[in-house]
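In what follows, a single structure is set out as structure tokens and then discussed.
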Amino acid sequence: MFSLDVPFRHPDLPLDARVEDLVSRLTTEEKIGLMCQYQDAVPRLGIPPYKHGTEAAHGIAWLGEATVFPQPFGLACTWDEELIREVGRVIGTEARGFYARNPALNGLTLWAPTVDLLRDPRWGRTDEGYGEDPVHAGKMAAALVRGIQGDHPFYLRAVASPKHFIGNNNEAGRGERSVDIDPRNMRESYLKAFEIPFREGGAQSMMTSYNSINGVPANLNPDINGIVREEWGMDGFVVSDAGDVLGTVNDHRYMPDYKQAVAASIRSGIDSITDDSEVVRKAIRDALKDGLLQESDLDAALRRVFRVRMRLGEFDPPERNPYASIGESAILAPEHRAVSLEAARKNIVLLKNEGALPLRTDSIGRIAVIGPLADIVYRDWYSGTLPYAITPLQEIRARLGGGGRAEPVAFAEGIDRVRLSEGGRYVRIREDGRLAADSPADQAETFAATDWGWGAHTFVAAGTGRYLTTDDTHLTADSKEIFGWFTKEAFLIDHPSDGRRWRLRTWNGAPVGVGSGGLLTVDRTEAEERSTLGSPEEHGSPKPGPAGRQPLRPALFDAELASDGLQAARAAALGSEVAVVFVGNHPLVNGKETVDRPGLELPEAQRKLIRATAEANPNTIVVLVGSYPFALGEIAGLAKAVLYTSHAGPELGRAIADVLFGAVSPAGRLNMTWHGSAEQLPDIMEYDLIRGRRTYRYFEGEPEFPFGHGLTYTTFRYAGLRLESAVLREGESVGVEIEVRNEGTSDSDEVVQLYGSARSSRVKRPIRQLLAFKRVRIPAGETVTVAFRIEASELAFWDVTRERWCVESAAWTLAAGPSSADRRLETTLEVVGEAVPPRDLTRRTLAVNFDDCAAAGLEECAEGGTAVTARTGGARLHYADADFPRGAAAFEARIAGGPEARIGLRLEAADGTVLFEADVTGVRETAEEPDRPRWRTVSVAVPAPPGRFAVTIALSEGAAIRWFRFVPSA
């Protein structure tokens, strides 16, 4: 029996003393058992088992029915910090309810929010993020963190783990690829989004990402300790993403064995390893035995973990902890449903309105509700189990009712029903549920075929009402919903000749053929591995391509049209006063975790549906239900109004109906730029926001809808923009007040946005950047004053010449309005800071601290730090405004790339005069280093007079440079 009279169980002792006492009592083997996601119990000390990592992106997931909120992408479109904090409170409260149900399996450390900056809308996990602006995304995430963790000065309701640190914004190859992020992009954008949830939200945990950054796997990233802990002061624990520590060996091929990978991860700041626990524990034992890891390293990690577990109240009397009394009754509490509805309403963005909205229930004789998303509520991979679901069609019918009128709602899904045959034999469902092509036409099964774009289709069988799916051997029609790590309800259609002759492939590209007995059979020899997380067996899928199996002849199916979806849509639209078309995406088809979206457009089938509806009824409204931005093109012009909502949970239908019929004035705002096409975007692996002209802050083109855009049902007048002072000095702050008047006849929210742009600067600054925002309620005819306070530090940029933040003396334009492109009021603010001095390139300068570059890659240098490498065709690095008061006599650089590596050097005066230009080849090596044959220091004479020059370094393809300096003239 353990003793209660030990220091770590005394709640009045200092936290650090309690933690130190607990850890000191653990044996080495007990410490090893506490290093993984599923932490062992230590019965002799009364420490129960504990699980880290309850999924909680927008409600508690995977533990049963729970309150579900809009996807995080939609939550961010509310621009409402107080609402998001309330959402977090509900999530944290229900986490306590599940914890009360089973504390060993339902932990209180929650894997949310996803803070990764949404710099590319094609990212498969866009639905999980908060947007493209680091301030907006950071503050929304911080609000969720505060709500989850609560406001008690010591005890935590639950713990939030912002993820995935850092640079995680592509799925293709995420487990083994590296992203290039230079210091300025990193500090001003990627890190800034994470900094806010820690500094302002007080997050007590963090999850690292799968990718490498500049060649270093994220679980070994020195910024975990150097920035997150030392600069931001995070004193909680860090967890690795699932499978990623062993992935340092398996995927990145960065470490030769598990013991080295585990040891390096723990030393780099990983405190809890989400991986195969038996393998990890053995690796820790081996690392300790071989001296790769010290027991003190385990102590440091466990101190951080138990700091958090103690603040959760685990070792204290329940009466001390205000959250300990929360029981199972908190799950699905009635008041939580109201928060879900409010969030669903506020996440809706009115993109366009030519007077078509709001609709009036008392004047509509008949409305057509059309589209594949009109009578369904989908959940995504991180959704909880929906306790109920209200579809748009259900709620529209409920609002209009009968009222003595003829049927007021005409519904058409707008999708085709087909029968499939192969060689004259039709496909049917056998008694065992499998599909066989062995029947005459009168026994054929009819399938509702939904086209999700890029060849992906789902099929619902009329006979079962369920989705067609596969066990990777045969096809069945028994899936209740599209859900699973592998989306096995999605089938790819190839059209070898015309639109009605199909070859089918499964979710992983395996062809479908006809086997013995007419059974539809999967040829797994051509299947592709579609996941980057774990083995297929872990997620219920057999390995593709079993050895020795003969390829199956792919079947060529004839798709016979049983009913025409477009014709049904036209008929519904023709007989109605207004048509509302519901289109969008399925959260698990085409774009999802492990799968990036191929493009931005709606599926062609949905575009045809909108065209057909608009031709039949010009009074057409389009409702987009989606996980990410779309490129609408002509579709936006065909519709009289366009609404956007994320997959918003069980209250989706009620929220949409509230907006359609004017019970709620929409006031959501876009959290990302909606581009006209993917052609406006660089390659998905381009992480350089500045040079890639990514996000509204640097994008110079014309978007389809700008960042921050959203309309309402009333008119707001921005009446005044007042500054507390016209001058802002470094270390100070300035108050900003904006008067906004509701000049319409309906009460409404408005999202007031304040942007700034530096008019004069040494470096390329954002075209505009969000400084502050607030969603406010303004009754009709009333005026409110919205107040912000801007710190001078918020106007700083990362000065690569001195490797620190710089508040630069510059004139700023401050602009207020309802979006980044609609800036109603402007004023000038004079910022008094410092003048950036010219570069001193006589000091050793890290090559990565360039001002500009072209075709440059970043990788880990074997000697430490980051090296700049030349991509195909060679790279150019630019360093502006360097001062050489004594001129220069020589140029030295640390380079790699073999004896054929070449460096070009150019010195240019401010007026464009070239002072020195040379293609340096056959350069002299200044040191013999046989133990480091790749890296060498080279030197070349550079006769340059005194002056201020811009320096350009050119690298030949394959060459790399770590640092350089100029030797001044004597």
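For this chain, numbers begin at 1 and follow the sequence in order. Note that the structure is a prediction, hence the values are computed from the model and not measured.
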Looking at [X] and [Y], what are the two nearest heavy atoms and their distance?
X: G327; Y: A100; value: CA-CB, 4.0 Å
X: Y99; Y: N106; value: CD1-O, 3.1 Å
X: Y628; Y: V589; value: OH-O, 4.3 Å
X: A330; Y: I326; value: CB-CG2, 3.6 Å
X: I656; Y: T645; value: CD1-CG2, 3.9 Å
X: A573; Y: N617; value: O-ND2, 3.1 Å

Residues [X] and [Y] bridged, charged N to O under 4.0 Å:
X: E634; Y: R607; result: no
X: D658; Y: R399; result: yes
X: E82; Y: R85; result: no
X: R337; Y: E651; result: yes
X: E55; Y: K163; result: yes

Problem - Option from V786, V751, D80 for which side chain to side chain contact (heavy atoms under 4.5 Å, CB included) with V776 holds - result: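 So the option named by the test is V786.
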Between [X] (side chain) and [Y] (backbone), is there a donor-acceptor pair under 3.5 Å?
X: E413; Y: G565; value: no
X: S820; Y: G708; value: no
X: R366; Y: I364; value: no
X: N742; Y: S746; value: yes
X: N347; Y: A648; value: no
X: H58; Y: F69; value: yes
X: S340; Y: V68; value: yes
X: T458; Y: E489; value: no
X: W79; Y: R669; value: yes
X: E704; Y: L632; value: yes

Between atom [atom1] of [X] and atom [atom2] of [Y], what is the distance when rounded to the nearest 0.5 Å?
X: L351; Y: F705; atom1: CG; atom2: CZ; value: 4.5 Å
X: Q606; Y: I635; atom1: CD; atom2: CD1; value: 9.5 Å
X: T450; Y: H586; atom1: OG1; atom2: NE2; value: 10.0 Å
X: I415; Y: D564; atom1: CD1; atom2: CG; value: 12.0 Å
X: T783; Y: Y718; atom1: OG1; atom2: OH; value: 12.5 Å
X: K592; Y: R125; atom1: NZ; atom2: CZ; value: 9.5 Å

Exercise for the section: State whether the number of non-hydrogen atoms from other residues, nucleotides or ligands found under 6.0 Å of E577 atom CD is greater than 12. Expected result: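 Result for CD/E577: enclosed.
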Exercise for the section: Kindly check if the number of other-residue, nucleotide or ligand heavy atoms within 6.0 Å of NZ (K640) is above 12? Expected result: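 Not buried by this count: 12 neighbours or fewer within 6.0 Å.
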Handout entry: V583/L624 under side chain to side chain contact (heavy atoms under 4.5 Å, CB included): CA gap, chis, key distance, verdict
Key = CA-CA 5 Å; V583 293; L624 298 165; 3.7 Å; yes
Handout entry: Centroid-centroid distance, F483 to W381, less than 6.0 Å
Key =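 Ring-ring flag for F483/W381: true, centres closer than 6.0 Å.
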Side chains of [X] and [Y]: closer than 4.5 Å at any heavy-atom pair?
X: P113; Y: Y130; result: yes
X: P372; Y: L609; result: yes
X: L660; Y: L643; result: yes
X: D749; Y: I778; result: no
X: E342; Y: E86; result: no
X: L770; Y: Y696; result: yes
X: E601; Y: W454; result: yes
X: Y378; Y: L373; result: yes

Is there a donor-acceptor contact under 3.5 Å linking the side chains of [X] and [Y]?
X: T712; Y: E750; answer: no
X: H647; Y: N585; answer: yes
X: S748; Y: S665; answer: yes

Exercise for the section: Check the pair L566, R611 against side chain to side chain contact (heavy atoms under 4.5 Å, CB included), reporting the backbone distance first and the verdict last. Expected result: CA-CA 10 Å; L566 290 182; R611 292 188 200 107; over 6 Å; no
Exercise for the section: Run the numbers on L600 and R122 for side chain to side chain contact (heavy atoms under 4.5 Å, CB included), then give the verdict. Expected result: CA-CA 7 Å; L600 306 180; R122 295 166 295 190; 3.8 Å; yes
Problem - Check against side chain to side chain contact (heavy atoms under 4.5 Å, CB included), F582 and L393 - result: CA-CA 10 Å; F582 290 85; L393 176 64; over 6 Å; no
